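To start, the structure itself, in structure tokens.
Each residue takes its place number in the sequence, starting with 1. Note that the coordinates shown come from a computational prediction; the quantities given were computed from them, not determined experimentally.
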Amino acid sequence: MRDRPEPEAVAEAAGRVLAFLPEVRSDRLLQSLHNVAGALQRHGRVPAVADWIEEYRTTVATGGGRA
């Protein structure tokens with residue numbers, strides 16, 4: 001069986017990546033973060049995950065991922 005990272009650890013790592021999105025403005029990075037957000041949706045009751053999803057949505061909504 002493959003070990004899976006805990007949702008909190010995923011949210012923490014994704015948060016570090018999300019911080020670069022406005023600066024990098026990469027469509028590939030944006031798509032990867034979109035995939036992470038989709039995978040984390042089922043863990044939305046975990047506070048760290050809920051916080052990351054909100055930060056992700058805010059960043060994307062304010063154009064953080066667009067050139």
Side-chain angles (χ1 to χ4, degrees):
M1 184 167 101
R2 219 173 102 167
D3 287 337
R4 293 183 182 208
E6 293 295 319
E8 294 91 345
V10 174
E12 181 183 337
R16 290 191 302 268
V17 174
L18 185 61
F20 290 102
L21 187 60
E23 207 173 298
V24 175
R25 298 181 181 148
S26 164
D27 286 338
R28 187 184 317 181
L29 179 57
L30 184 60
Q31 183 60 49
S32 294
L33 289 169
H34 176 76
N35 293 342
V36 170
L40 284 176
Q41 285 296 320
R42 65 181 165 168
H43 302 286
R45 291 183 180 207
V46 175
V49 172
D51 291 346
W52 182 83
I53 290 172
E54 181 61 30
E55 183 180 357
Y56 164 76
R57 288 179 179 158
T58 301
T59 301
V60 171
T62 59
R66 298 287 179 226

From [X] [atom1] over to [Y] [atom2], what is the distance, rounded to the nearest 0.5 angstrom?
X	Y	atom1	atom2	answer
Glu8	Asp51	CD	CG	11.0 Å
Glu12	Trp52	CD	CH2	13.5 Å
Leu18	Leu30	CG	CG	9.5 Å
Thr62	Arg57	OG1	CZ	14.0 Å

Tell me, yes or no, whether the heavy-atom count around Glu23 atom CD, taken from other residues, nucleotides or ligands under 6.0 Å, exceeds 12. no
If we ignore angles and hydrogens, is there a donor and acceptor under 3.5 Å between the side chains of Gln31 and Asp27? no
Closest approach of [X] to [Y] (non-hydrogen atoms, all atoms of both residues):
X	Y	value
Ala48	Ala11	O-CB, 3.7 Å
Leu21	Ser26	CD1-O, 4.2 Å
Val17	Leu29	CG1-CD1, 3.2 Å
Ala14	Val36	CB-CG1, 4.0 Å
Ala50	Gly44	CB-O, 3.3 Å

